[in-house]
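Letters A, B, ... mirror the listed sequences (proteins, then strands); counts begin at 1.
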Protein chains: 2
Amino acid sequence: MFKCSKEEELIAARLFELSKQTMPKFERCTGISQSRLEILRELFEAEEITQRELQKKVNIDHAAVTRHLKQLEEKSMVIRRKSPEDNRFTYVSLTEEGKTKIAAYCEEKQRFISKILNGFSELERSTLLNMLTRIQENIEKM
Amino acid sequence: MFKCSKEEELIAARLFELSKQTMPKFERCTGISQSRLEILRELFEAEEITQRELQKKVNIDHAAVTRHLKQLEEKSMVIRRKSPEDNRFTYVSLTEEGKTKIAAYCEEKQRFISKILNGFSELERSTLLNMLTRIQENIEKM
DNA sequence: GTATATTAATTGATGCATCAATCATTGACC
DNA sequence: GGTCAATGATTGATGCATCAATTAATATAC
């Protein structure tokens, strides 16, 4: 029958619950959503980048990226300008204000993650990372 | 600085990406969302249960549960009736049709999960489950 | 050189989750 | 017994993600 009580099922259930619980708590603790912080982090590392490139890196829908950037622009955290060579492209970059703010967010994030992985040894961490990576590879194959 | 390149950060990033990628793929593969399937699974095991109890078990917002059940009722998969003893409570149960359908969903789910955990040994699975459980405990403490 | 295809960005429609407010029912206290 | 608090369920408002369609600019083919 489909009692679904195997260990596999439990792992899946944990993964699901984990994301369901973590997402909102992350946002409350850090004051920003994971998606948005990822966008900012990417911008920080890239200095200036086209929306298209950014979208590919963070792997979020085009539309979502546009909307995030619009809101970030309203908050004066990013600046956008059309590419002079090709007007279809839009370059995005952080403002000074944005760079300052992101530092605080990242620190909050770091604190959050440390709490989540509390009690994990170095060895366990790398084992876990390895496993998660393998799972992700499996998913990408589908 | 806040380069955030530590292993901890990578684990968090993986967890985040994982849920972002898994959720929609799960839905496409199985034809149902994880939340909704969890509700159905709970109903299957409980036979008859109040919405309140169901909500506590699946740990989804009250409003979301109400809306799921409404749609499931429209699809003739569940039946709801007011408790005679206390009219505030609503008992929910699967229809025969619902029970049949859930079997197919569960099989799809099982197949999906097996693919995700492809290449994991028994030992690795229990290690992973253990780690995920510990992370969840850490989250609950926050 | 003009029509067609491609690509980036945006907008609209939809689905789902949450929170807050409301409604209905029951229980408790005076 | 009547008022008030507590509880379950529902509804409305909001936020965020996706897909589909549209717009604007560029590249390609004839």
Side-chain angles (χ1 to χ4, degrees), chain A residues 16-40 43 48-75 78-93, chain B residues 16-40 43 48-75 78-93:
Chain A
F16 180 47
E17 282 172 67
L18 217 63
S19 67
K20 219 168 49 178
Q21 294 179 344
T22 309
M23 298 256 200
K25 277 197 177 161
F26 180 91
E27 213 160 322
R28 268 197 298 276
C29 287
T30 63
I32 192 170
S33 75
Q34 300 198 48
S35 296
R36 187 163 296 187
L37 184 51
E38 224 183 321
I39 287 176
L40 289 173
L43 284 173
E48 194 172 45
I49 190 174
T50 65
Q51 268 188 225
R52 176 82 188 110
E53 280 303 309
L54 180 60
Q55 186 271 323
K56 275 192 275 187
K57 290 228 184 193
V58 298
N59 199 31
I60 296 175
D61 188 83
H62 306 92
V65 172
T66 295
R67 286 169 180 131
H68 274 298
L69 292 175
K70 211 168 167 187
Q71 291 178 44
L72 288 169
E73 202 173 28
E74 279 166 18
K75 291 203 222 168
V78 307
I79 291 177
R80 286 190 293 173
R81 66 181 183 88
K82 288 254 170 204
S83 162
E85 305 95 49
D86 187 336
N87 267 296
R88 287 172 302 182
F89 288 85
T90 304
Y91 282 116
V92 193
S93 57
Chain B
F16 180 46
E17 283 173 65
L18 216 61
S19 67
K20 220 169 48 180
Q21 294 179 345
T22 309
M23 298 255 201
K25 276 197 179 162
F26 180 91
E27 214 160 321
R28 267 198 298 277
C29 287
T30 63
I32 193 170
S33 75
Q34 301 199 47
S35 296
R36 187 163 296 186
L37 185 50
E38 224 184 321
I39 287 176
L40 290 174
L43 283 174
E48 193 172 47
I49 189 174
T50 65
Q51 268 187 228
R52 175 81 188 111
E53 280 304 308
L54 180 61
Q55 185 271 322
K56 276 192 275 186
K57 290 228 184 193
V58 298
N59 199 30
I60 295 175
D61 188 82
H62 305 93
V65 172
T66 294
R67 286 171 180 128
H68 275 296
L69 291 176
K70 212 168 164 187
Q71 291 178 42
L72 288 169
E73 202 172 29
E74 279 167 18
K75 291 203 222 168
V78 307
I79 291 178
R80 286 189 295 174
R81 66 181 183 90
K82 288 254 172 204
S83 162
E85 306 93 49
D86 187 335
N87 267 295
R88 287 172 303 183
F89 288 83
T90 304
Y91 282 116
V92 194
S93 56

Any residue meeting salt bridge (charged side-chain N to carboxylate O under 4.0 Å, His left out) with [X], in chain and number order, not counting sequence neighbours:
X	result
B:R80	B:E73
B:K82	none
B:R67	none
A:K70	none

Name the atoms and distances for all side-chain donor-acceptor pairs under 3.5 Å in residues 32-40 of chain A, with sequence neighbours left out.
{"residue": "A:S33", "atom": "OG", "partner": "A:R36", "partner atom": "N", "Å": "3.1"}
{"residue": "A:R36", "atom": "NE", "partner": "A:H68", "partner atom": "ND1", "Å": "2.9"}
{"residue": "A:R36", "atom": "NH2", "partner": "A:H68", "partner atom": "ND1", "Å": "3.2"}
{"residue": "A:R36", "atom": "NH2", "partner": "A:Q71", "partner atom": "OE1", "Å": "2.9"}

Note to self: Under 4.0 Å, heavy atom to any atom of DNA chain C: which of residues 54-63 of chain B qualify?
What the structure shows: B:I60, B:D61, B:A63

Notebook entry, point to check: Of the residues in residues 21-38 of chain B, which ones touch DNA chain C at a heavy-atom distance under 4.0 Å?
Noted result: B:S35

Next item on the list: Using the test side-chain hydrogen bond (donor to acceptor under 3.5 Å, both in side chains), find all partners of A:E27 that sit at least two apart in sequence or belong to another chain.
Entry: none

Check: Considering residues at least two apart in sequence or located in another chain, which fulfil the side-chain hydrogen bond (donor to acceptor under 3.5 Å, both in side chains) criterion with B:S83?
Finding: B:E85

Next item on the list: Give the rounded distance in Å between these two atoms: CD of B:Q51 and P of D:dT11.
Entry: 11 Å

Next item on the list: For B:Q55 and B:I60, indicate whether the former's side chain and the latter's backbone hold a donor-acceptor pair under 3.5 Å.
Entry: yes

Notebook entry, point to check: Would you call B:K20 and A:S19 a side-chain contact if the rule is heavy atoms closer than 4.5 Å?
Noted result: no

Note to self: At 4.0 Å (heavy atoms only), tell me whether B:T66 reaches a base, stays on the sugar-phosphate, or touches nothing.
What the structure shows: base

Next item on the list: Give one of base, sugar-phosphate or nothing for A:K70, where a contact means two heavy atoms less than 4.0 Å apart.
Entry: sugar-phosphate

Next item on the list: Taking heavy atoms of chain A and a 4.0 Å limit, find me the 5'-most and 3'-most nucleotide of DNA chain C within that range.
Entry: C:dT6 to C:dA13

Next item on the list: Enter the inter-axis angle for the ends of the helix from C:dG1-D:dC30 to C:dC30-D:dG1 (five pairs per end, rounded to 10°).
Entry: 10°

Next item on the list: Find which nucleotide of DNA chain D each of B:R67 and A:S83 is nearest to by heavy atoms, and output the residue with the more 5' nucleotide.
Entry: B:R67

Check: protein-nucleotides 23-25 of chain D nitrogen or oxygen pairs below 3.5 Å:
none

